[in-house]
**Q** 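Quick one: the structure is below, and I'll ask about it shortly.
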Number of protein chains: 2
Amino acid sequence: MGNGITIKDVAKASGVSLATVSRVVNGTDMVSEATKEKVMEAVRSLGYNPNNAARALVSHKTNAIGIVVHNLHDPFFYDLIRGFETGAQQTKYNVIFCSVLGSDIKSKEKYLKYLTNGVVDGIILYGSYLTDESVTRYLKDRDAMKYVMIENDIPDFSCNKLLIDNTGGAQSAIRYLKNKGHHSIAHICGNPNKKVTIDRLNGYLNEMRLAGLEIHDGYIGHTSTDYKSGYERMREMMELPCRPSAVFCSDDAIASYAIRAATDMGLCVPKDVSVIGFDNQTILPDCYRGPRITTVEQPLHQIGYDSVALLSQQLEDQKTVTNVRKTYETRIVEKETVAAVGK
Amino acid sequence: MGNGITIKDVAKASGVSLATVSRVVNGTDMVSEATKEKVMEAVRSLGYNPNNAARALVSHKTNAIGIVVHNLHDPFFYDLIRGFETGAQQTKYNVIFCSVLGSDIKSKEKYLKYLTNGVVDGIILYGSYLTDESVTRYLKDRDAMKYVMIENDIPDFSCNKLLIDNTGGAQSAIRYLKNKGHHSIAHICGNPNKKVTIDRLNGYLNEMRLAGLEIHDGYIGHTSTDYKSGYERMREMMELPCRPSAVFCSDDAIASYAIRAATDMGLCVPKDVSVIGFDNQTILPDCYRGPRITTVEQPLHQIGYDSVALLSQQLEDQKTVTNVRKTYETRIVEKETVAAVGK
DNA sequence: CTGAAAGCGCTTACAG
DNA sequence: CTGAAAGCGCTTACAG
């Protein structure tokens, strides 16, 4: 690794001690201008770069932040990643991403074990998978590490938490539909392994009850881990004896497939059936070309940015030990897939 | 970092030497079943995990691979990232991503300096930026590191190179259009900082010459670093006195904006003007909803997968020192944006 | 302002 | 099969 040049070579070349080279390179203690120049000259001509493993070992600091997500390729992450990148650009920390495919808990553990043992100073974890129990147990044990959990409120785990009001957002979606005159409102759930799916389902259930709206047979559709299955669920719902006039989809990617299904059946969205999604996802999978999807927005870019900024700030001032807990509000973004009915 | 449990604690708890613990944990040398069990028990009950910085320092191996790209958020990367992820899943190496925003060479250098000094054993670098000179100079000096350069054939730099025949691909696009009866073919170039832009432009120029087709005034449009500027370039071309019947765009993202421009001007693609792109990009920016774009495909998923597989295999068997050089061929994928004319 | 020395947590010949 | 010891490349009190 590296080019083989160590601090020793620099010390020799410039005729000073290792300690002095270290001080010059790090700009810590006072060093006379003369020796500083001698050392810098040697650093330059030798092409010296400090070994990060050695630094980490002795200083217990890596100056790096790790971000762990599932399915980094998912266009869902577009805004979130931009947020991370923008945050990264503003910090001295090196920001590295790790991705696990699907809900492969084994690789998630592997990456977390890797990162938490001498590789990064802090970790940003996005998303809550119901299969995460062993991961959580492991993390709780690493108390020296700083965490930002996004969209994941692990009980009994005190760390920074940036949360989204998913239940409230789902409720606002139902209220919005009701105000548009809809009474027959169905729900297509998301990935069954994610906690967010349950939260949004609960929001649907709560608000339907509060609004006094009946949930007919077949009004709750469960997708697989694949957004695509939203297509089949929508198909089934559209063939229900008591066909819903509106469908709340757990996320925009599912909504995009649901709208394709309706369209393929000869139905017009929103004239024949209204659809509302969640996320306000900028980029949809699989070249969606339907109407712009009315949705419940969560501020993903902001959250990505905030998470990096928060973590690097906390790592810098060691005083700031108080963990942040913040819940981001959602808002309805009206586009083209919900129509008013009745009235 | 970590949980504070070191190899010393394990040695003490199980009544053996550090060396023995190391041997058990790494499964290297022979150790008797009895002591092996004692040690493993201590490892488990203490929750010991080896410190990667210490390991890296002494063994000169990190068991990690770094991937560096520009604009990780760009949906262009969808297939490539899936390829990286799939490759990562199949290797014991920890795969980490670093992203630099725009063509921020300063951060690129920062990340490369970080990775190459005790953090990873090998690096995959995607893309060729014309501003990369200092980066290249730096990398050439790190000969102990293994590299896979994708889409970047740095002269005098011997490393693994996975290349795409961009010039050939561009030529095939022009030939394809000519075979469809087009004689007035314009070209919208891509990001001026990328070498790929020049290669594809050269392909266009070559093939136009070979085909004996004239490049009229205004037939070559230059975009900024933003795909969006493809919109303006297309607008201008459509107002040319000698309006082209077909436009070859340097990539699909630009093509998507070009098609929007034509459509907004009341032109129909491909009836009034044909458009061909490059990349066969699965997911387009900014919710494109036009026709499916006929394009020159490059096998991004395969390249992503191959790069990780190649690097981890080379790091494993140290004998395989011969660098691989492979050029992936492109192929035309006919979709909905090119029509035949004349005849 | 500068240096000698200890030590971070591990691995790996070298002995036995 | 197991242990004592050296050393990876750095930083940081501690002296001076």
**Q** Is it the case that the side chains of B:Thr116 and B:Tyr138 hold a donor-acceptor pair, with the cut-off being a distance below 3.5 Å and no angle test?
**A**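 Yes, B:Thr116 and B:Tyr138 have a side-chain donor paired with an acceptor closer than 3.5 Å.
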**Q** Could you tell me whether the side chains of A:His70 and A:Lys108 share a donor-acceptor contact shorter than 3.5 Å?
**A** yes
**Q** Just the dot-bracket of DNA chain D, please: which string comes out with Watson-Crick or G-U pairs under 3.5 Å, [ ] for crossing, | for another strand?
**A** |||.||||||||.|||
**Q** Check A:Glu33 with A:Lys36, please: is the shortest side-chain N to carboxylate O separation under 4.0 Å?
**A**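 Yes, this pair counts.
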**Q** Ring centroids only, cut at 6.0 angstrom: are A:Tyr126 and A:Phe77 within range, meaning strictly under it?
**A** yes
**Q** Can you work out whether B:Glu33 or A:Ser59 has the more 5'-proximal nearest nucleotide on DNA chain D?
**A** B:Glu33
**Q** Side chains of B:Ser107 and A:Gln89: donor-acceptor distance under 3.5 Å anywhere?
**A** no
**Q** A quick test of your reading: do over 12 heavy atoms of other residues, nucleotides or ligands sit less than 6.0 Å from CD of B:Gln90?
**A** yes
**Q** To the nearest 0.5 Å, what is the distance between CG (A:Asp121) and NZ (A:Lys61)?
**A** 4.0 Å
**Q** Closest-nucleotide mapping onto DNA chain D: is B:Val16 or B:Val58 further toward the 5' terminus? I mean the 5' end.
**A** B:Val16
**Q** Using a heavy-atom cut-off of 4.0 Å across all strands, would you classify A:Thr28 as base, sugar-phosphate, or nothing?
**A** nothing
**Q** Between B:Ala19 and B:Ala54, which residue's closest nucleotide on DNA chain C lies nearer the 5′ terminus?
**A** B:Ala54
**Q** Considering residues at least two apart in sequence or located in another chain, which fulfil the salt bridge (charged side-chain N to carboxylate O under 4.0 Å, His left out) criterion with A:Asp9?
**A**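 Counting only residues at least two positions away or on another chain, A:Asp9 forms no salt bridge (charged side-chain N to carboxylate O under 4.0 Å, His left out).
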**Q** Taking any atom closer than 4.0 angstrom to a non-hydrogen atom of chain A, what span of DNA chain D does the protein reach, first nucleotide to last?
**A**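 On DNA chain D, the outermost contacted nucleotides are D:dG9 to D:dA13.
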